[in-house]
There are 2 protein chains.
Amino acid sequence: MTFVSARHLPYVGARCERCSLHSRCLTMGLEGAVLADFDAMLERPRPLKRGETLVHQGDRFANLYAVRSGSLKQVVAQGEVRDQVTHFYLPGELVGLDGIGGGDCPGNLVALESTYVCEFPFSRLEVLMQDSSALQNRLFHTMGEELRDHQRMMCLLSGRTADQRMASFLSGLSERFRLRGYSPTCFYLSMSRGDIGSYLGLAIETVSRVLGRFQQQQLITLEGRQVSLVALEKLRRIAEEGAGRHSGG
Amino acid sequence: MTFVSARHLPYVGARCERCSLHSRCLTMGLEGAVLADFDAMLERPRPLKRGETLVHQGDRFANLYAVRSGSLKQVVAQGEVRDQVTHFYLPGELVGLDGIGGGDCPGNLVALESTYVCEFPFSRLEVLMQDSSALQNRLFHTMGEELRDHQRMMCLLSGRTADQRMASFLSGLSERFRLRGYSPTCFYLSMSRGDIGSYLGLAIETVSRVLGRFQQQQLITLEGRQVSLVALEKLRRIAEEGAGRHSGG
DNA sequence: CGTCGTGTTGACAGGAGTCAATGTCAGTGG
DNA sequence: CCACTGACATTGACTCCTGTCAACACGACG
């Protein structure tokens with residue numbers, strides 16, 4: 001807030017092709033003139049501080065974002081219903097797709113730690129897409145991915161036990177970190193227990209207990225928010241176990 | 001099955017602009033040459049019988065579909081985990097978006113009753129979109145909608161009681177029927193109690209009990225699969241009640 | 001030092017799953 | 001026409017997972 005006027009980072013000249021996440025970003029596969037246009041279009045706003053809100057629920061939809069570093073959560077408030085965390089976004093992931101085609105943004109986007117994002121004005125993306133079927137494909141591809149992710153999440157929330165949810169959450173994070181070149185077995189949970197509980201549909205106490213149980217069973221080690229997946233394979237097996245809550249029905 | 005050779009319906013000359021669902025379909029807002037191209041592209045396969053599968057999980061993704069009449073469910077099988085219903089599709093709704101960008105179809109699509117669909121080869125849609133930003137917008141719009149639907153569903157599955165889920169399910173169906181010109185208070189549930197349970201993350205017995213309770217409370221009347229929403233407003237209120245399963249934590 | 005946010009742990013209760021028995025209905029075949 | 005079958009649905013009894021309430025620990029911060 002003290003640097004309101006300095007909206008852009010020093011590296012104004014930054015270029016997508018030099019970005020370490022280029023190969024995982026929306027720009028994947030773009031080259032030459034299209035990539036240059038893309039570069040020219042995007043903004044790199046100042047970093048968000050922990051707890052700062054990038055987008056407010058109900059804001060007019062205008063931009064997509066990519067996480068450069070740090071992480072975000074999406075929080076949706078529905079009427080009198082308690083707020084709910086619907087998504088966590090890690091570096092290299094595209095944020096805001098669920099606002100497309102709706103007048104406004106469906107949830108708050110809140111930084112979980114110091115976070116850098118790139119900002120893509122969607123209207124300009126639309127223009128670029130008319131000239132670049134590669135970019136169009138890329139965006140459709142990403143939205144399809146997100147639909148499938150949501151589907152998996154719905155399966156998880158519906159009829160799986162607390163242990164299975166946590167195991168799935170941890171191994172899912174592991175996979176996402178691995179894909180982006182971070183350690184798949186040792187990482188920092190930037191979200192609180194409350195966030196995890198909200199996301200997984202569990203009470204905060206249950207989150208705490210399950211994590212404690214996993215530690216006892218030597219599946220993980222835990223120091224505050226730093227977690228090591230000691231037995232990732234076993235976690236995966238728990239997550240996929242046939243016996244959920246409706247196994248026999 | 002007796003008409004295998006007659007893959008197309010008699011009305012081969014059918015045109016989108018004459019379809020009663022035109023204004024709700026992917027074709028909304030298209031006109032002139034683009035609409036003609038669209039018409040030329042799409043197929044109208046023979047109707048599906050109840051229980052017949054339109055698409056098998058793992059099939060190579062190739063088409064989108066629109067429901068002309070009848071209804072479909074999407075069923076996802078994950079490893080040893082019990083099958084799960086992830087979606088119901090009503091007339092006028094677009095089917096198959098979640099296959100975009102993935103090599104193959106993420107679930108079985110099964111007819112819940114006699115069902116007619118239109119079939120859009122996606123590769124040709126992609127070509128058409130290059131010329132028609134209206135069509136492109138329309139498809140993005142629809143995918144965004146679906147993302148937001150999934151998000152609502154995740155909120156529902158995570159931390160709401162059985163009563164709230166059923167109330168939400170019924171009022172949601174009501175709204176979808178209303179939007180398409182059917183009665184919002186009196187309709188036929190083409191899906192079984194088992195399907196509903198799987199979709200809502202409830203045991204089949206719970207579905208039955210909640211429906212029974214709603215009937216006792218004069219919120220609905222029920223005769224087999226025919227349902228009347230007697231007190232739609234009250235149902236809505238139940239669905240939105242603040243006190244879910246994590247209301248106080 | 002007190003307070004607040006966060007996290008852990010224990011005791012308890014309730015909602016919803018599981019198991020089991022029974023009812024209903026459509027389709028089939030004798 | 002009726003018995004038989006299987007799918008679907010309802011209802012009751014019981015269990016247990018997980019949410020709720022409450023107490024407490026810990027670190028950050030004013």
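Protein chains get the first letters and strands the later ones, always in sequence-line order, with residue 1 at the start of each. As the structure is a prediction and not an experimental result, all values here were calculated from the model.
- Side-chain contact annotation: E113(A) with S71(A), donor-acceptor N/O pair under 3.5 Å present.
- Across all strands shown, L202(A) has heavy atoms under 4.0 Å from sugar-phosphate atoms exclusively, and none from any base.
- Nearest to the side chain of R193(B), among dT10(D), dT18(D), dT8(C), sits dT10(D).
- Atom P of nucleotide dT18(D) and atom CZ of R165(A) are separated by 7 Å, given to the nearest angstrom.
- Separating the CE atom of M166(A) from the C1' atom of dG7(C) is a distance of 14 Å, rounded to the nearest angstrom.
- With hydrogens and angles ignored, no donor-acceptor pair closer than 3.5 Å exists between the side chain of R225(A) and the base of dG7(C).
- If you measure from atom CD1 of I204(B) to atom P of dG17(C), you get 12 Å, rounded to the nearest angstrom.
- For the pair F88(B)/L112(B), a side-chain contact is recorded, criterion being any heavy-atom separation below 4.5 Å from C-beta on.
- Judged by closest nucleotide on DNA chain D, V207(B) is the one of V207(B) and A162(A) placed further toward the 5' end.
- Rounded to whole Å, the distance from CG on L222(B) to P on dC25(C) is 13 Å.
- Contact annotation: S208(B) does not reach the phosphate of dA9(D) (side-chain N/O to OP1 or OP2, under 4.0 Å).
- Judged by atom type and distance alone, R160(A) does not reach the base of dT18(D) through any side-chain donor-acceptor pair under 3.5 Å.
- Look at S192(B) and you won't find any side-chain N or O under 4.0 angstrom from OP1 or OP2 of dC8(D).
- With hydrogens and angles left out, the side-chain atoms of D98(A) and Q74(A) include a donor and acceptor closer than 3.5 Å.
- dG17(C) atom P lies 11 Å from atom CG of L200(B), rounded to whole Å.
- One atom, CG of L157(B), and another, P of dG17(C), lie 12 Å apart when rounded to the nearest Å.
- In this structure, the CZ atom of R209(B) is 7 Å from the C1' atom of dG12(D), given to the nearest Å.
- With distances taken from any side-chain atom of R50(A) to the nucleotides dC8(D), dT6(C), dG12(D), the minimum falls on dT6(C).
- Inter-residue side-chain proximity for T86(A) and V75(A) is flagged as unmet; no heavy-atom pair is nearer than 4.5 Å.
- Between E205(A) atom CD and dA25(D) atom P there is a gap of 17 Å when expressed in whole angstrom units.
- Side chain of T161(A), nearest nucleotide from dT6(C), dT18(D), dA22(D): dT18(D).
- Heavy atoms of G201(B) sit under 4.0 angstrom from primed sugar atoms or phosphate atoms, though from no base atom.
- Nearest heavy-atom pair, C25(B) versus F120(B), reported as atom, atom and distance to 0.1 Å: SG-CZ, 4.3 Å.
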